[in-house]
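As the structure lists them, so they are numbered: ligands from 1, and atoms in each ligand from 1. Note that this is a predicted model, so its numbers are computed, not measured.
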Amino acid sequence: MSSRRRTCTRRAIIAAGALGVCCVGGGTGLFFTARWLDEPESNIGEVELETPLFIPPLLDPEPDGDGRKVFDLTIQTGETQIVDAGVSETWGINGAFLAPTLRARRGDLVSFAVHNELPEDTTLHWHGMHLPAAYDGGPHQTIRVGASWHPAWEIDQPASTLWYHPHPHGKTAEHVYKGVSGLFIIDDDESDALDLPREYGVDDIPLIIQDKKFDGDGQLSMDPGGFVEQFGGAASFGVMGGDILVNGTYGPVFEPTRRLTRFRLLNGSNARFYNVGFSDDRSFRLIATDNGFVSGEPVELTRISLGPAERVELVVELEPGDDVILRSFEQDLGSNGQQVGAEDTFDLLRVRAGDELEESPDLPEELGGGGAPAVPDDATVRSFSLDGHSSINGKEMDMSRIDLVIPARALEVWEVRSAGQPHTFHIHGATFHVLEVNGSEPPPELRGPKDTVFVGPGHPVRLAVQFREYTDPELPYMYHCHILRHEDNGMMGQFVVVEPGTEGSVSTTIETHDHH
Ligand code: C2O
Ligand code: CU
Ligand code: CU
């Protein structure tokens, strides 16, 4: 267990001394991390990667008599043995930690009973899903303690790897960090027709990557612990841990049995960015981004950057006897990038192939995902400036304020920039394509359909955002930074989608019910 990394390094002590503050080890509250003193963090070679990777159970119910797939989800507390230091108190869905992988097809009617057995109110948001705002599970769809929530909708979007997590106003960071998150896989006829690894848990493997911080008793700590947090108040990205879990497994190993393995990666971390590749620099092929397959052929890469809430599907080829490590490498995220881990390096997962591997079909040459749509000259263009750590265009999130009114089915251009800090920008209920990064064509890995994208100093983005037909003049969707501390601190806005032509008659204040 590597929480020893959190004790003071010599360099930190020297720097702390120079700043006239004291480095106190031993307690969870006052570890003086090196983060603000520019020492990169690493676990490379320090963690034994020998614990079999946990595969979250698949929930893929048969449709009932009415053609509905009914999912029963209970959000609960529990205890989980994650690290040697002790049994951790965790939260999960239908289990103590994390959540089952949900699976449905385009055209399915899905229906949920979500029970809140936590000691506090929460919500459950379907990240990346296109659905009516009433079922989005954002901060307006509170599930009270002991209550149940019953959203239902028809799946109507392309095959993709989505995820789901709580979204309570001001408390998303804590609820996600304690363990409530899972994948939501969508299939469709097109994905069925592609020769891709598709056997869940065998050659189609979820990888939910999350950094955690454990205290000396093995409890999850949310103390950011850095200089800015201790002395600079809210100007922080929130918790950054040095212990990396994949599907909740500390020190994981996965043993493939086939030549090709498809990994569905989710960066489910609160703030940390990763730059994923293999220890031997072998290439892999990117087949899908947040909201579906890339267009054209698989993209050959040796690294892929993942900010909080971003997903990719990768296919890697192995030879019998291969023993490699999936790793996070240094990357350039612009100024202040080191505060979200740009300089840190981690072993994530050991991939150890047996002496014999079953054959896999060759990857298709055409994946069939849609490229960026042609944006008409008269498209609405909106600009968003992510300011500091808690506002967008100078405003902090207000539950009772509608920031934008968007006509149904609109294709809009959103320009998003940040002068000072790295962020990931996410839009609910829509899919976007990156048209430009800092005025230039995006790199191949950013050309697929997305719902979350890195925005930072030197990395402004221009997005073509396709909204859907679900209208509700009273209930908003969210757009926000997916660094969860930023989201909780107010770097979030609200939009309603309405019948075209009715924009002018929509009220921009909404009643909110006090849930406290
Ligand atoms: Cu992943 Cu507003 O959410
Ligand atoms: Cu979302
Ligand atoms: Cu942010």
Query raised in the report: Which of the N/O/S atoms in H127 sits closest to atom 1 (Cu) of ligand 1?
Result: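 The nearest such atom is ND1.
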
Report task. Please determine if R103 forms a cation-pi arrangement with F184, meaning its NZ or CZ atom is less than 6.0 Å from the six-membered ring centre and no more than 45° off the ring axis. Result ->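 Not satisfied by the 6.0 Å and 45° rule.
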
Query raised in the report: From the Cu ion (ligand 2) out to just under 2.8 Å, does an N/O/S atom of H482 turn up?
Result: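 No - counting backbone and side chain alike, H482 has no N, O or S atom under 2.8 Å.
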
Report task. Check whether any N, O or S atom of H125, backbone or side chain, sits closer than 2.8 Å to the Cu ion (ligand 2). Result ->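 A backbone or side-chain N, O or S atom of H125 is under 2.8 Å from the Cu ion (ligand 2).
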
**Report entry** D121 with K171: basic N within carboxylate O range, under 4.0 Å
**Finding:**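 The answer is no: the pair does not qualify as a salt bridge.
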
Requested in this report: Confirm or rule out an N/O/S atom of H167, from backbone or side chain, lying less than 2.8 Å from atom 1 (Cu) of ligand 1.
Outcome: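 Not a single backbone or side-chain N, O or S atom of H167 is under 2.8 Å from atom 1 (Cu) of ligand 1.
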
Query raised in the report: Does H125 bring an N, O or S atom to within less than 2.8 Å of atom 1 (Cu) of ligand 1?
Result: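 No N, O or S atom of H125 is closer than 2.8 Å to atom 1 (Cu) of ligand 1, so no.
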
**Report entry** Plane angle bin for F467 and W414 - parallel if under 30°, tilted between 30 and 60°, otherwise perpendicular
**Finding:**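 Because their plane-to-plane angle lies in the 30° to 60° range, the rings of W414 and F467 count as tilted.
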
Report task. Classify the angle between the aromatic ring planes of H165 and H482 as parallel (below 30°), tilted (30 to 60°) or perpendicular (above 60°). Result ->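 Rings of H165 and H482: perpendicular, over 60°.
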
Query raised in the report: Which atom, among the N/O/S set of H423, is closest to the Cu ion (ligand 3)?
Result: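 Sorting the N, O and S atoms of H423 by distance to the Cu ion (ligand 3) puts ND1 first.
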
Query - Sole candidate of Y477, F112, Y135 that passes ring-ring contact (aromatic ring centres under 6.0 Å, His included) when paired with W126 - result: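 Among the candidates, only F112 passes.
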
Query - the Cu ion (ligand 3) contact by H389, N, O or S atom under 2.8 Å - result: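 Coordinating: no.
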
